[in-house]
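Worksheet for the structure shown next.
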Protein chains: 2
Amino acid sequence: MIRLLLAEDQGMMRGALALLLGMEHDMEVVAQVGRGDEIVDAALLSRPDVALLDIELPGRSGLDAAADLRTEAPDCRVLILTTFGRPGYLRRAMEAGAAGFLVKDGPVEELAASIRQVLRGETVIDPALAAAALSAGPNPLTARERDALAAAVDGATVADIASALHLSESTVRNYLSSAIGKTGTRNRMEAVRAARRQGWL
Amino acid sequence: MIRLLLAEDQGMMRGALALLLGMEHDMEVVAQVGRGDEIVDAALLSRPDVALLDIELPGRSGLDAAADLRTEAPDCRVLILTTFGRPGYLRRAMEAGAAGFLVKDGPVEELAASIRQVLRGETVIDPALAAAALSAGPNPLTARERDALAAAVDGATVADIASALHLSESTVRNYLSSAIGKTGTRNRMEAVRAARRQGWL
DNA sequence: CGGCTCCCGGGACATTTGTCACGGCCAGGT
DNA sequence: ACCTGGCCGTGACAAATGTCCCGGGAGCCG
């Protein structure tokens, strides 16, 4: 029996996947969580063979949780299942030691097949996405540029970002300006969108 | 047998729901589409009793499609199934003649139960969401303010918006300013976010 | 009819934002 | 020891943005 952990914030999606996978004759869902910061605890408790993780979760990113599992539960393989096939996400997933990366498009049959594949020690990635991730190159933004950009997502002013990051307003503007330059965009919002599309956020 | 139409852009979600609902003894999924502009055609072809529509779809909004079904296939009940329980969405869904409004959180069991409820002529809405929609009041933005705000989502400049809407830059700035005032926000991006959270976009 | 609101535009103004040039500090590699 | 690159800050400047005035026209309603 393949023991599965399911981490997904949308209740209906989580429930549907759990029912479907539970119907496979060789699988059972031994844990379900809706938050990223519950993944490690649940994994330690229920000892799954494969953890199916969404990326964008409340509490803690699925990518961070994947890295945690690498050290806390090394014999649990991680399969990332996400809505967005962003190149940067794929790259970070691989660096976090994930064994596979699936997008939520594509047929459901793909899911069970990929789980078995991962359990056999193979790595499963959408070829087109892998090509995009390689051609895009690594994240050119520095840590602070990312911080500034991330703090700017919801329309915060320079003053807001500066106080949130304990920086001077001038510094914040310099970071934003260089981030805008590196993304080849015209203003803060375009830079944010470009960075998110690449999975750099 | 209850005949169902399923409109949902995420392949995995669509497939999972189709399988689950198909397993109910009194239901069958007679049509599945991944785009909003295929809903009416599919409904005319397969004559479903209930159409399960996501809102944010490529091609055409599920809300617009619901309004279309009202006239093109009047005996097909519409059940909106969406990720975001925005007050404005609920309001528009009701105005479009929807028989129910579900969010994708909450358990899967809710789904089949709601479908049967809708078919009995009842209206199904999350009470908390209904309260929020009523207390929020109607959309205070004028049509042009909405247009300007919608065109500003991805970091477009005033010049971009002006040329996209065939307006003068002064006019665009006036619309944006009044939208910012009505949403009680400080700049364009906060206004966009506030409007989207309310479902006013 | 007068009043109202929405649509569209112009002009002036303060504020914010984005850019550039310039410092200094510290860690890393050659 | 030197250079490079990230980090943090300043000051100044042009451009974009947001606000407040002001018009006129169209439609709707009491």
Side-chain angles (χ1 to χ4, degrees), chain A residues 88 91-92 95 136-201, chain B residues 88 91-92 95 136-201:
Chain A
R91 180 177 297 266
R92 285 200 271 161
E95 287 166 0
N139 185 342
L141 301 175
T142 71
R144 299 306 259 166
E145 286 163 359
R146 269 203 319 268
D147 295 341
L149 223 46
V153 286
D154 27 41
T157 67
V158 174
D160 296 337
I161 305 173
S163 82
L165 267 63
H166 305 291
L167 288 178
S168 138
E169 299 198 8
S170 310
T171 309
V172 169
R173 287 176 350 156
N174 284 337
Y175 283 147
L176 289 178
S177 183
S178 89
I180 291 169
K182 286 180 180 175
T183 52
T185 51
R186 293 176 302 170
N187 55 47
R188 170 185 324 206
M189 273 318 299
E190 283 192 0
V192 167
R193 291 180 66 84
R196 294 222 297 193
R197 189 156 35 81
Q198 295 289 334
W200 293 342
L201 172 138
Chain B
R91 179 177 297 266
R92 284 200 272 161
E95 287 167 0
N139 186 341
L141 301 175
T142 72
R144 297 308 257 168
E145 286 164 357
R146 269 202 319 267
D147 295 340
L149 224 45
V153 285
D154 27 39
T157 67
V158 174
D160 295 338
I161 305 173
S163 82
L165 269 66
H166 305 292
L167 288 178
S168 138
E169 299 199 9
S170 309
T171 309
V172 170
R173 269 129 62 93
N174 284 336
Y175 284 149
L176 289 178
S177 182
S178 90
I180 290 170
K182 285 179 180 175
T183 51
T185 51
R186 293 174 302 169
N187 54 49
R188 165 187 328 206
M189 275 317 300
E190 283 192 359
V192 166
R193 290 180 66 85
R196 294 222 296 193
R197 189 158 34 81
Q198 295 289 332
W200 292 341
L201 172 142

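Predicted model, so just to flag it, every value in this text is computed and none were measured. Here is how names work: the chains are called A, B, and so on, in the same order as the sequence lines, proteins then strands, and each is numbered from 1. Heavy-atom basis, side chains included; hydrogens, waters and symmetry copies ignored.
Side chain B:Asn174 to base D:dG18: no donor-acceptor pair is found below 3.5 Å.
The backbone N or O of A:Gly155 sits less than 3.5 Å from a side-chain atom of B:Asn187, completing a donor-acceptor pair. Within the 3.5 Å criterion, the main-chain N or O of B:Pro140 finds a donor-acceptor partner in the side chain of B:Lys182. With hydrogens and angles disregarded, a donor-acceptor distance shorter than 3.5 Å links the side chain of B:Glu145 to the backbone of B:Thr142.
For B:Arg144, the listed nucleotide lying nearest its side chain is C:dC7; candidates were D:dT10, C:dC7, C:dG11. Checked against D:dT17, C:dC7, C:dC8, the side chain of B:Ala143 finds its nearest nucleotide in C:dC7. The listed nucleotides are C:dC8, D:dG18, C:dT19; the one nearest the side chain of B:Ile180 is D:dG18. Of the candidate nucleotides C:dC8, C:dC6, D:dT17, D:dT17 has the atom nearest to the side chain of B:Val158.
Positionally, the nearest nucleotide of DNA chain D for A:Tyr175 lies more toward the 5' end than for the other of A:Glu169 and A:Tyr175. Toward the 5′ end of DNA chain C lies the nearest nucleotide of B:Ser168, the other residue of the pair B:Ser168 and B:Asn187 mapping further downstream. DNA chain C is contacted by both A:Leu176 and B:Ser170; B:Ser170 maps to the nucleotide lying nearer its 5′ end (nearest heavy atom per residue).
Nearest heavy-atom pair, A:Arg188 versus A:Thr157, reported as atom, atom and distance to 0.1 Å: NH1-C, 4.1 Å. The nearest pair of heavy atoms linking B:Leu141 to B:Ala195 is CD1-CB, 4.4 Å.
Following rounding to the nearest Å, A:Glu145 (CD) and D:dG5 (C1') show an atom-to-atom distance of 11 Å. Rounded to whole angstrom, the span from the CZ atom of B:Arg146 across to the P atom of C:dC7 amounts to 9 Å. Between the NE2 atom of B:His166 and the P atom of C:dC7 there is a distance of 17 Å, rounded to whole Å. As a whole-Å value, the separation of B:Ile161 CD1 from C:dC8 C1' is 16 Å. Per the geometry, CG belonging to A:Asp160 stands 9 Å off P belonging to C:dT17, to the nearest Å. Straight-line distance from the NZ atom of B:Lys182 to the C1' atom of D:dT19: 16 Å, rounded to whole Å. Rounded to an integer number of Å, the gap from A:Glu190 CD to D:dA16 P is 13 Å. If you measure from atom CG of A:Leu141 to atom P of D:dG6, you get 11 Å, rounded to the nearest angstrom.
Using a 4.0 Å cut-off, no side-chain N or O of A:Thr171 falls inside it from OP1 or OP2 of D:dC8. At the phosphate of C:dG18, OP1 or OP2 sits under 4.0 Å from a side-chain N or O atom of A:Arg188. Not one side-chain nitrogen or oxygen of B:Thr142 sits closer than 4.0 Å to the OP1 or OP2 atom of C:dC6. Checking the phosphate oxygens (OP1, OP2) of C:dT19, a side-chain nitrogen or oxygen of A:Ser177 falls inside 4.0 Å. Phosphate proximity of D:dG18 to B:Arg186: absent, as no side-chain N or O sits under 4.0 Å from OP1 or OP2. Taking only side-chain nitrogens and oxygens, A:Arg173 never comes nearer than 4.0 Å to OP1 or OP2 of C:dT19.
At a threshold of 4.0 Å, the pair A:Asp154-B:Arg197 does not count as salt-bridged, since none of the basic side-chain nitrogens sits closer than that to a carboxylate oxygen.
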